[in-house]
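Notes follow the structure.
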Amino acid sequence: ETLKKDCVHLTSSVTTWDQEWYFVNGGTINGDVTIPEGKTVNIIILDGTTMTINGTLKIAGNESDSANLKLYGTSSSGTGKIIINNSDSSQNNGNAVMSENGKTAYIHLIGGELTATGSGYNETDKSGAALSNVRLLSEVNETIYRTSEVKCIVTGSNPEKRVKDTQKETSVTISRCECEEKDWGYEQGTGENDGKHRGYCNLCGYIEN
């Protein structure tokens, strides 16, 4: 699908993301970034570019399972990246991406790549996480989860380790999944499909129908 949108250039000086559409071609933001309540922000990340946030991305959540942040690439490979690092446990509980208002916030990755790293996840007080009260849209809706080809792995894991709970990891990397190159599993059908099998990707859950 091709869309024509008027986009605002997202530069390092913009720390409140309150426009509907942005494009980003690199840069570094030192400090926190905020998406206000009621806003859904769409960001197109130009291929081969990286924006780094040294701080916390704070998203005001909502009451529905709709995205507050949507990320796009400029090609099917989507090589652009956003990297968020919060190494300071005294700032925002050490979380890299967090909901600011107690409501769950949602990220929908259509393209590009997002890496979020907290100060170190602490099970006792639920601090230092990559994502805090922030969910991937593919985690919420089972239909999307099984068809979206979005993978979330422990950053730097080799072989890639799938993240089962994004709220309990220090660092996660979210990207599109090249399922045909990955490890496939098979599941047994039930009900009217009993006796049949279908393949699925062990990294993103995508079902080969």
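Quick caveat: nothing in here was measured; it's all calculated off a predicted structure.
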Check your understanding: Around Asn193, counting heavy atoms of other residues, nucleotides and ligands shown, do more than 12 lie under 6.0 Å from its CG?
Key -> yes
Review point. For the side chain to side chain contact (heavy atoms under 4.5 Å, CB included) test, which of Leu69, Val134, Ile59, Val140 pairs with Tyr106?
Key: Val140
Check your understanding: Got a salt bridge between Lys81 and Asp47, using NZ or NE/NH1/NH2 to carboxylate O under 4.0 Å?
Key -> no
**Study point:** Point-to-point distance, once rounded to the nearest 0.5 Å, from CG of Leu131 to CD1 of Ile84
**Key:** 8.5 Å
Review point. In Å, rounded to the nearest 0.5 Å, how long is the span from CD of Glu139 to CD1 of Ile144?
Key: 12.0 Å
Review point. Without hydrogens or angle criteria, can the side chains of Glu187 and His197 be said to hold a donor-acceptor pair below 3.5 Å?
Key: no
Practice item. Could you walk me through whether Ile82 and Ile45 pass side chain to side chain contact (heavy atoms under 4.5 Å, CB included), step by step? Key: CA-CA 8 Å; Ile82 292 180; Ile45 315 167; 3.8 Å; yes
Point to revise | Partner residues of Asn30 under the side-chain hydrogen bond (donor to acceptor under 3.5 Å, both in side chains) criterion, sequence neighbours left out | key: Asn54
Practice item. Using the rule that two of Ile, Leu, Val, Met, Phe, Trp, Tyr join whenever any of their side-chain heavy atoms come within less than 4.5 Å, decide whether Leu46 and Val24 are in one cluster. Key: no
Revision key, fill the gap. For Thr16 and Pro36, the nearest pair of non-hydrogen atoms, with its separation, is CG2-CG, 4.0 Å
**Study point:** Thr34 and Glu100 side chains, donor-acceptor separation under 3.5 Å
**Key:** no
Review point. Say you draw a straight line from NE2 of His108 to OG of Ser148; how long is it, rounded to the nearest 0.5 Å?
Key: 6.5 Å
**Study point:** Cys7 side chain reached by Ile44 side chain, heavy atoms, under 4.5 Å
**Key:** yes
Point to revise | Check: Gln167 side chain, Asn133 main-chain N or O, donor-acceptor pair, under 3.5 Å | key: yes
Check your understanding: Are any side-chain N or O atoms of Thr49 and backbone N or O atoms of Gly80, one a donor and one an acceptor, separated by less than 3.5 Å?
Key -> no
Practice item. Quick one: pull up SG in Cys179 and CD1 in Ile207 and give me the separation to the nearest 0.5 Å. Key: 11.0 Å
Check your understanding: Are Leu203 and Leu109 in one and the same hydrophobic cluster, where Ile, Leu, Val, Met, Phe, Trp and Tyr link if side-chain heavy atoms are under 4.5 Å apart?
Key -> no
**Study point:** Phe23: partners by ring-ring contact (aromatic ring centres under 6.0 Å, His included), with sequence neighbours left out
**Key:** His9
Check your understanding: Stepwise, does the side chain to side chain contact (heavy atoms under 4.5 Å, CB included) test hold for Leu136 with Cys152?
Key -> CA-CA 9 Å; Leu136 304 180; Cys152 183; 3.9 Å; yes
Point to revise | In one Ile/Leu/Val/Met/Phe/Trp/Tyr side-chain cluster, 4.5 Å: Met98, Leu137 | key: no
Practice item. Please check if the side chain of Arg135 supplies one atom and the backbone of Thr166 the other of a donor-acceptor pair under 3.5 Å. Key: no
Study note, to complete from the structure: Hits for side-chain hydrogen bond (donor to acceptor under 3.5 Å, both in side chains) against Asn42, two or more places apart or cross-chain, chain-then-number order -> Tyr72
Check your understanding: side-chain hydrogen bond (donor to acceptor under 3.5 Å, both in side chains) with Ser171: which residues, sequence neighbours excluded?
Key -> Thr117, Thr155
Point to revise | Side chains of Asn141 and Asp65, donor plus acceptor under 3.5 Å | key: no
Check your understanding: Going by atom types alone, do Asn68 and Thr40 pair a side-chain donor with an acceptor below 3.5 Å?
Key -> no
Review point. Does the side chain of Lys70 reach to within under 4.5 Å of the side chain of Ile43, using non-hydrogen atoms?
Key: no
Review point. For Thr11 and Ser13, does a side-chain donor sit closer than 3.5 Å to a side-chain acceptor?
Key: yes
Exercise for review: Report yes or no: do Val172 and Met51 belong to one cluster of Ile/Leu/Val/Met/Phe/Trp/Tyr joined by side chain heavy-atom distances under 4.5 Å?
Suggested key: yes
Revision key, fill the gap. Heavy-atom closest pair (Val41 atom, Trp17 atom, distance to 0.1 Å) is CG2-O, 3.4 Å
Check your understanding: Quick one: which of Asn92, Asn95, Ile35, Val33 gives a side chain to side chain contact (heavy atoms under 4.5 Å, CB included) with Lys58?
Key -> Asn92
N/O donor to acceptor pairs below 3.5 angstrom from side-chain atoms of residues 121-130, sequence neighbours left out:
residue: Tyr121; atom: OH; partner: Glu123; partner atom: OE1; Å: 3.2
residue: Asn122; atom: OD1; partner: Thr124; partner atom: N; Å: 2.8
residue: Glu123; atom: OE2; partner: Lys126; partner atom: NZ; Å: 2.4
residue: Asp125; atom: OD1; partner: Ser127; partner atom: N; Å: 3.2
residue: Asp125; atom: OD1; partner: Ser127; partner atom: OG; Å: 2.6
residue: Asp125; atom: OD2; partner: Ser127; partner atom: OG; Å: 3.4
residue: Lys126; atom: NZ; partner: Glu123; partner atom: O; Å: 3.4

Check your understanding: Do Val8 and Leu57 share a hydrophobic cluster, counting only Ile, Leu, Val, Met, Phe, Trp and Tyr and linking them when any side-chain heavy atoms are less than 4.5 Å apart?
Key -> yes
Review point. Any side-chain donor-acceptor pair under 3.5 Å between Thr173 and Thr115?
Key: yes
**Study point:** Stepwise side chain to side chain contact (heavy atoms under 4.5 Å, CB included) test for Val154 and Glu169
**Key:** CA-CA 8 Å; Val154 176; Glu169 294 288 343; 3.8 Å; yes
Exercise for review: Would you give the length of the straight line joining atom OG of Ser119 to atom CG of Asn85, rounded to the nearest 0.5 angstrom?
Suggested key: 11.5 Å
Point to revise | Side-chain heavy atoms of Ile174 within contact of Ile107, under 4.5 Å | key: no
Point to revise | Donor-acceptor under 3.5 Å (Asp18 side chain, Lys39 main chain) | key: no
**Study point:** From CD (Glu113) to OG (Ser77), nearest 0.5 Å
**Key:** 11.5 Å
Revision key, fill the gap. Hits for side-chain hydrogen bond (donor to acceptor under 3.5 Å, both in side chains) against Thr50, two or more places apart or cross-chain, chain-then-number order -> none
